[in-house]
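For reference, the structure discussed in these notes is given below.
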Amino acid sequence: MTLTPVSSWASFGGTLSVHDHESAVTGTTMRFAVYSPPQAKKGPVPVLWYLSGLTCTWANVMEKSGLQRTASEHGIMIIAPDTSPRGPDVPDDDAYDLGQGAGFYLTATEAPWDKHYRMDQYITRELNALVAANFPADMKRQGIFGHSMGGHGALTLHFKYPDTYRSCSAFSPITSPSRVPWGEKAFTAYIGPPSIAWEQYDATELVQTRQTDAHILIDTGKADQFLETQLKPDIFIDACETSGQALTYRMHEGYGHDYYFIATFMSDHIAHHAKALKA
Ligand SMILES: N[C@@H](CCC(=O)N[C@@H](CSC=O)C(=O)NCC(=O)O)C(=O)O
């Protein structure tokens, strides 16, 4: 599979690079970013996947979170995929929470979305293989984290593929899309009316039967405008307690849903993954 270079910058002794490739899974050109730390010049390093939230591309986290400093210190490679397939032939919606930029890390089964929207398969299979083949990545040491829609995506992919994504954390995740407006709207469009399929893409449902040995870290702001309507941390905290899933859920006075919040706690999250992956 051929990678087309888009941009590259030196950063904290490592390299931030952006790449395009033709995706057989989404049927589109996909773009992603890689921060390769200085340690990768000497051999394979652990890999940490960051799944972004609604409206985002690879750029939000790479440009706003300051992750390069801590990733460089710990010798961790960070991969930032896009949040959906994109392009003039890809179905879209006028609203920011459906269509392009809002892929929800699932495989759509409903028309017109089912032709391209397969972000879970894209990330876990195609992009995984592409990273393994093209970068000095130690694929036996992978973790996953993300923000909001992407924080939820990270939780679900960790619960479904715990041997691949051995460590997990999230910033301000949606915890149960089946129970909140963002998720109800997207799931109805992408996978149809409420059914067993909804449970398979809902972190709060998954943790009840697929709890893992990992210790999950979550940070959320108490001033997050989506806290009570879309995120609902208590649902997930209760489910983790019931299932025995180890979880540290921190709530932070005054912080919102933005990248100022993410930047504040980014180093804690990278350190959390570095410890679990023994970077
Ligand atoms: N534009 C919308 C809100 C969109 C928004 O807040 N997006 C978040 C992720 S929300 C959950 O997935 C985000 O990360 N935005 C990009 C950024 O750089 O901040 C509205 O106006 O309500």
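Count residues from 1 along the sequence. Only heavy atoms go into these numbers, but all of them, side chains included; no hydrogens, no water, no symmetry mates. The structure presented is a predicted model; accordingly, all values stated were derived computationally and were not measured. One-based numbering, in listed order, for ligands and for the atoms of each.
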So, the side chain of [X] versus the backbone of [Y]: is there a donor-acceptor pair under 3.5 Å, distance only?
X: S267; Y: T70; answer: no
X: H147; Y: G53; answer: no
X: R31; Y: H21; answer: no

Residue pairs involving residues 58-86 (criterion ring-ring contact (aromatic ring centres under 6.0 Å, His included); sequence neighbours excluded): none
ring-ring contact (aromatic ring centres under 6.0 Å, His included) contacts in which one or both residues fall within residues 205-229, not counting sequence neighbours: W182-F226, F226-H257
Enclosure of K185 NZ (heavy-atom neighbours >12, cutoff 6.0 Å): yes
Passing candidate, side-chain hydrogen bond (donor to acceptor under 3.5 Å, both in side chains) with S23, options E126, H116, Q121: E126
Within-shell test, N60 vs ligand 1, heavy atom, strictly < 4.0 Å: yes
Using heavy-atom distances only, which candidate in [options] approaches [atom] most closely?
atom: atom 14 (O) of ligand 1; options: C56, S172, G151; result: C56
atom: atom 10 (S) of ligand 1; options: S148, A95, G53; result: S148
atom: atom 7 (N) of ligand 1; options: L54, L51, T83; result: L54

What are the atoms of ligand 1, with element, lying closer than 4.0 Å to any heavy atom of [X]?
X: H257; answer: 10 (S), 11 (C)
X: W182; answer: 10 (S), 11 (C)
X: H147; answer: 9 (C), 14 (O)
X: Y259; answer: 14 (O), 17 (C), 18 (O), 19 (O)

Y117/F104 aromatic ring centres below 6.0 Å: no
Ring centroid separation H152 to Y201 under 6.0 Å: no
Suppose we measure from [atom] to each protein heavy atom; which comes out shortest, and what is that distance?
atom: atom 3 (C) of ligand 1; result: Y96 CE1, 3.8 Å
atom: atom 6 (O) of ligand 1; result: F226 CE1, 3.9 Å
atom: atom 15 (N) of ligand 1; result: T55 OG1, 3.6 Å

Any non-hydrogen protein atom less than 4.0 Å away from atom 12 (O) of ligand 1: yes
Within-cut-off N or O pair, M149 and ligand 1, under 3.5 Å: yes
Polar proximity ligand 1 side, K64 side, N/O cut 3.5 Å exclusive: yes
